[in-house]
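Computed from a predicted structure; not experimentally measured. Note: hydrogens, waters and symmetry copies are ignored here, and every other heavy atom, side chains too, is used. Within every chain, numbering begins at 1; the chains are lettered A, B, ... in the order of the sequence lines, protein sequences first and strands thereafter.
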Amino acid sequence: MYEAPRVRFAPSPTGYFHVGGARTALFNWLFAKRFGGVFVLRIEDTDEARNRSEWIDGICSALQWLQITWDEGPYLQSERLDLYARAAQSLFDAGKAYYCDCQRSEIDERVKTAGLPPGYDGFCRDRGLEVAPGRALRFKVPKDGETVVDDLVRGRVAFDNGTIDDFVLVKGNRAPLFVLANVVDDLDMRITHVIRAEEHLPTTPKAILVYEALGQKAPQFAHVPVLVNEKRQKLSKRRDRVAVEDYKEMGFLPEAMENYLVLLGWSPGDDREFLTREQELELFSLDRVGHSPSFFDVTKMLHFNKHYISLLSPEDLLQAALPYLEACDFWDGSTEQRSSFLKLAPEICTRIGLLSEVPSMVDFIYQGQLKFDEAAFSSVASDKGSKDLLERSVEIFSSLDHFGREELEVACRAWAEESGLSLRKLQVPIRVAITGKKIGPPLFSAMEVLGSKACLSRLAELAHMLTEAD
RNA sequence: GGCCCCAUCGUCUAGAGGCCUAGGACAUCACCCUCUCAAGGUGGAGACACGGGUUCAAAUCCCGUUGGGGCUGCCA
């Protein structure tokens, strides 16, 4: 369908990696890979406020984390300035652009007194100004006709040239602006398809005009809908949680985030939601991209995360949870610790939504001095039967030949039977004694992993504490 | 203000004129399962913004209205 397209993802370094950017990058990547094309990474750092190497590293590592790999780049626009300067010069020489020394305030004032709509009034268009410090280079937009964007997702969008101001190509300090650098680079990098957020649609006719002025053919455009917040506004750093890094830190798995993101504005056309990369590659197409903005819904993304976490092998869960474990003072990463973690892993991977929840599920195994959840402790303490239950449990468990989950369960069921208590009721104080909490992995598995010695002493200890409290 | 885009359950979406008394998923509610919590299972509630056309037939096509959003910078 498309022959070896060349696409690019061209983020501007802002100090964090925006989820909307991640989605755009993903669509570009999928499109390129689907048709055997090339994915180029280009950093748009022409604005001096946006060029810091650690920000660029941040973009790269976030992309890598999401498994979005680039074939070329990262190219830095800040290192390609001469290219833009040459293009600007040729535009000026051809009479397609002119220098302007107007200050913003002057323009605003003129426009206001003339009762014109806000924007540039073309004051310098015919003044024949030469290049000089402080003078910006503006593009001479044709007065008549229209510029059409044949958008791959939106169809034909026409703009009246009369509504487009003479925009700035090069700043007074010689720095190129977005439209210029963007066009020059897309040309130089032989980009065939520009897949980007819809917010760029209104500036696309400007870009097309520049391509034409340069005597070149414009690439194909595809504008994908933006991501919005619950108030349906474009996601912004100020008011919304937009950094991919934040979600990584919260404990989202990259595959969960990627899978969630691909479904924002695109669908495979059937009821499938959990998709592998292979399936996405097989199914992705621009004409299945929707036209309306999507709400970035963390709750639904959490659902994907739960799913992918539940699929993790014990080893993979450990690996993924390591950063959270290592932040805990009880974790030393010893072989013993790892092996008991691995034993309990199958029980915890269906019980958490975020990797950051892992420590609270396993901490009881590693704490020398068990930390009790306050509410859990007081609910056990307030129940008069707790102490007897605990003392009795020590007797029962210490007589076991083998301290395994099955034996523990059999013993407890028999005990419940004879005492007339439900298994559910009976396990409450035991669970709190063992794990310090009311919720957690299945009790008998937890006990098996902890081992008989520690279990028995914790049981006795809590019983003792309740005695003292009396 | 001007230009542009958008419009199916609360949310993400399926739907490319009859298959739609509109399907799925998340969230939500109920029930089942159950050693806690999850997971899983079953079921419920829940949408074509409005008004005109076109057509034998419209969620699907056209026009308008309304609503939302984006752009309008010597940011990208």
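Cation-pi check for A/Arg23 over A/Phe27 is met; the charged atom lies under 6.0 angstrom from the ring centroid and within 45 degrees of its normal.
Aromatic rings from A/His200 and A/Phe178 are positioned such that their centres are separated by under 6.0 Å. Proximity of the aromatic rings of A/Trp266 and A/Phe284 is defined here by a centroid distance below 6.0 angstrom, and this criterion is met. A centroid separation of 6.0 Å or more is found between the aromatic rings of A/Tyr260 and A/Tyr247.
Across all strands shown, A/Arg104 has heavy atoms under 4.0 Å from sugar-phosphate atoms exclusively, and none from any base. A/Gly290 comes within 4.0 angstrom of no nucleic acid atom, judged by non-hydrogen atoms across all strands. Residue A/Glu273 is classed as a base contact, given a heavy-atom separation below 4.0 Å to a base. Among the heavy atoms of the strands lying under 4.0 Å from A/Gly265 are primed sugar atoms or P, OP1, OP2 only; no base atom is included. Base engagement by A/Arg431 is indicated by at least one non-hydrogen atom pair under 4.0 Å involving a base atom. No contact: A/His223 has no heavy atom under 4.0 Å from any strand. Counting non-hydrogen atoms under 4.0 angstrom, A/Arg288 reaches the backbone sugars and phosphates but no base. Within 4.0 Å (heavy atoms only), A/Phe167 reaches no atom of the nucleic acid at all. At the heavy-atom level, A/Pro293 lies under 4.0 Å from the strands shown only through sugar-phosphate atoms. No contact: A/Cys349 has no heavy atom under 4.0 Å from any strand. Within 4.0 Å (heavy atoms only), A/Lys438 reaches at least one base atom of the nucleic acid. Among the heavy atoms of the strands lying under 4.0 Å from A/Pro441 is at least one base atom, whether or not backbone atoms are also near. Using a 4.0 Å heavy-atom criterion, one finds that A/Ser310 contacts no nucleic acid atom at all. Using a 4.0 Å heavy-atom criterion, one finds that A/Gly172 contacts the bases of the nucleic acid, with or without backbone contacts as well.
At the phosphate of B/U36, neither OP1 nor OP2 sits under 4.0 Å from any side-chain N or O atom of A/Lys425. Taking only side-chain nitrogens and oxygens, A/Thr163 never comes nearer than 4.0 Å to OP1 or OP2 of B/G2. Here A/Arg424 does not reach the OP1 or OP2 of B/U34: none of its side-chain N or O atoms lies under 4.0 Å away.
With a cut-off of 3.5 Å on both Watson-Crick or G-U wobble distances, the partner of B/A25 is given as B/U11. Under the Watson-Crick or G-U wobble criterion, with both distances below 3.5 Å, B/A30 is paired with B/U42. For B/C19, there is no paired base (Watson-Crick or G-U wobble, both distances below 3.5 Å). Nucleotide B/U36 forms no Watson-Crick or G-U wobble pair with any nucleotide shown, as no partner meets the under 3.5 Å limit on both distances. Across every strand in view, B/A59 sits unpaired, with no contact that passes the Watson-Crick or G-U test at under 3.5 angstrom. Across all strands shown, B/A49 pairs with B/U65; the Watson-Crick or G-U wobble distances both stay below 3.5 Å. Pairing for B/C3 goes to B/G70, judged as Watson-Crick or G-U wobble with the two contacts each under 3.5 Å.
Separating the CD atom of A/Glu199 from the C1' atom of B/C75 is a distance of 11 Å, rounded to the nearest angstrom. The CG-P distance, from A/Leu227 to B/G69, rounds to 16 Å in whole Å. The CZ atom of A/Phe221 sits 16 Å away from the P atom of B/C5 (whole-angstrom rounding). Rounded to whole Å, atom P of B/U13 lies 17 Å from atom CG of A/Leu283. One atom, CG of A/Asn259, and another, C1' of B/U13, lie 14 Å apart when rounded to the nearest Å.
Between the side chain of A/Arg154 and the base of B/C5, no donor-acceptor pair of N or O atoms lies under 3.5 Å. The base of B/U36 sits with one of its N or O atoms less than 3.5 Å from a complementary donor or acceptor on the side chain of A/Arg351.
By the 4.5 Å heavy-atom criterion applied to side chains, A/Tyr99 and A/Leu137 are counted as neighbours. The shortest side-chain heavy-atom distance between A/Gln77 and A/Tyr84 falls under the 4.5 Å cut-off.
With distances taken from any side-chain atom of A/Phe295 to the nucleotides B/U36, B/C4, B/C12, the minimum falls on B/C12. Nearest to the side-chain atoms of A/Glu198 among the listed nucleotides B/C5, B/C12, B/C74 stands B/C5.
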Starting from the C-alpha separation in whole Å, work towards a yes-or-no answer on side chain to side chain contact (heavy atoms under 4.5 Å, CB included) for A/Phe252 and A/Phe304. CA-CA 9 Å; A/Phe252 280 93; A/Phe304 281 82; over 6 Å; no
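Projected onto RNA chain B by closest heavy-atom contact, A/Val168 and A/Asp160 fall at different nucleotides, the more 5' of which corresponds to A/Asp160. Sequence order on RNA chain B of the closest nucleotides to A/Val157 and A/Lys306 puts A/Val157 first from the 5' end.
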